[in-house]
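This is a predicted model, so every value here is computed, not measured. Atom set for the values below is all heavy atoms of this structure, side chains included, hydrogens, waters and symmetry mates excluded.
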Protein chains: 2
Amino acid sequence: MAQKNLLKYILIGLLENEKKTGYDLKKLFETEIGEFWSAKHSQIYLELKRLEEQGYIASETGLFGNKIEKTYYTVTEKGRRVLNEWEETPTGELPINKDEFILKLYFIHNKNDKRIKEMLSEQYRLHASKLFHLQERMKLLFKDEISRTKNYGHFLILDLAIRREQEYIGWIKQYLY
Amino acid sequence: MAQKNLLKYILIGLLENEKKTGYDLKKLFETEIGEFWSAKHSQIYLELKRLEEQGYIASETGLFGNKIEKTYYTVTEKGRRVLNEWEETPTGELPINKDEFILKLYFIHNKNDKRIKEMLSEQYRLHASKLFHLQERMKLLFKDEISRTKNYGHFLILDLAIRREQEYIGWIKQYLY
DNA sequence: GGATCCATGTAACACGTTACATGATTGA
DNA sequence: TCAATCATGTAACGTGTTACATGGATCC
């Protein structure tokens, strides 16, 4: 997955409909996007600079209070074009989900190993908590039909994420008891 | 996930019961481990050297044919210890599965966007093919109760992987038709 | 007055991929 | 003899994290 610079498209995509600062974008990674992507502010600010140099986004400096300068970014025509090109390109190749827990489990050979129950219990807690969080997001963002139609992609992937957690929890339960 | 050097534990873990060459390990990443982890030979060879320097594994050079030298690695006591420590440490923090398709979908807002069906169709093919492959592996590796008991962790994660693909496919079908 | 958030940046490092490189062995 | 596979390595680069760094604004 590395080497494709997908952060580029995320940033352009997030700026598509509304100008935002680097800090705004950073906050989005902590909430909205955080469920399926991550990036630190250090990486975001650098990438924004690079995207501006390459002409995919443009910046304007706004004033906040009377001293702090905020840099707002907007998408250029060129940026809009590459975003669309990317969206239309078949993705191909399923990604490998590197999951440390899965890895640990792989190296446990004996069915009666005491650690299995401990590990499954921990995962149960983590996934149950994530499931709850996702369900709350679903309620908050997509309570009516209109909101679903307007951000349909987001609705779809939230639905997938919830199903996935439910399945994961089902799997754990089967082997935990 | 990065910064934890999990490759280290994979290599030690794979060498635990049997001495292997770098090439053997590379091959395992193409088959067995490939379902849930990836690594290129360039990274493997370097990591093996580092692990030997740090005393986690030891090497012996064998001859193959009459000219080629193969380097076999085995795990040391120190290596066995860190592997066990790792296995006993709670994993914590669910990983973020960075999936390019999910990302693209997020940026599609309109329910009637033609691209949704195309994207879902492509994913259907990919996941159906992966599911088939996983099911074949399951049949091959775990046909009887005894094989399950001997590599129980592997059986568990293969079962999870299959359920996950089934769920994914179910999700696609729901919105594709 | 102090904590927390807003806002932006740089530097060092770790992880992972791609490309370059070499040469022997095996089987058709 | 030619292709594929076995077998091992290095170099350059791209991506992402951690740590370092600064200073204003807001709220209690």
What pairs with B:Glu88 under salt bridge (Lys or Arg N to Asp or Glu O under 4.0 Å), at least two apart in sequence or on another chain?
A:Arg115
Rounded to whole Å, NZ of A:Lys49 lies from P of C:dA11 at a distance of 11 Å
Does anything in residues 20-30 of chain B reach DNA chain D, meaning a heavy atom under 4.0 Å, and if so which residues?
B:Thr21, B:Gly22, B:Tyr23, B:Lys27
Taking for each residue the nucleotide of DNA chain D with the nearest heavy atom, is it B:Tyr72 or A:Ala39 whose nucleotide lies nearer the 5' end?
B:Tyr72
Starting at CD of A:Glu93 and ending at P of C:dT17, how long is that distance when rounded to a whole Å?
12 Å
Fit a plane to each ring of A:Tyr106 and B:His154, take the angle between them on a 0 to 90° scale, and name the class: parallel (under 30°), tilted (30 to 60°) or perpendicular (over 60°).
perpendicular
Please classify the nucleic acid contact of B:Ser38 as base, sugar-phosphate, or nothing, using heavy-atom distances under 4.0 Å.
sugar-phosphate
Confirm from the modelled atom types if B:Thr71 and D:dT8 form a donor-acceptor pair under 3.5 Å, side chain to base only.
no
Looking at residues at least two apart in the chain, or sitting in another chain, which of them share a side-chain hydrogen bond (donor to acceptor under 3.5 Å, both in side chains) with B:Tyr175?
A:Asp159
OH of A:Tyr23 to CG of A:Leu28: how many Å apart, nearest 0.5 Å?
11.5 Å
Taking only residues at least two apart or on different chains, which pairs with a member in residues 142-154 of chain A satisfy salt bridge (Lys or Arg N to Asp or Glu O under 4.0 Å)?
A:Glu145-B:Lys111
Which residues pass the side-chain hydrogen bond (donor to acceptor under 3.5 Å, both in side chains) test with B:Ser59, sequence neighbours left out?
B:Glu52
If you pin A:Lys40 and B:Tyr73 to their nearest nucleotides in DNA chain D, which one's is more 5'?
B:Tyr73
Between atom CD in B:Gln43 and atom P in D:dA12, what is the gap in whole Å?
18 Å
Would you indicate which nucleotide in D:dA11, D:dT15, C:dT10 comes nearest to any side-chain atom of B:Ser42?
D:dA11
Atom-to-atom span, CG of B:Asn5 to C1' of C:dG16 - whole angstrom
11 Å
Can you tell me the distance, in whole Å, between the CD atom of B:Glu69 and the C1' atom of C:dT22?
15 Å
Quiz: residues 124-135 of chain B side-chain donor-acceptor pairs under 3.5 angstrom, not counting sequence neighbours:
unit_1   : atom_1 : unit_2   : atom_2 : d
B:His127 : ND1    : B:Glu165 : OE1    : 2.5
B:His127 : NE2    : B:Gln123 : OE1    : 3.3

Starting at atom OH of A:Tyr45, determine the distance to atom P of C:dT8, rounded to an integer number of angstrom.
4 Å
Spacing of A:Leu6 atom CG relative to D:dT15 atom P, expressed in whole Å
9 Å
Can you tell me how far C1' of C:dT8 sits from CD of A:Glu47, to the nearest Å?
16 Å
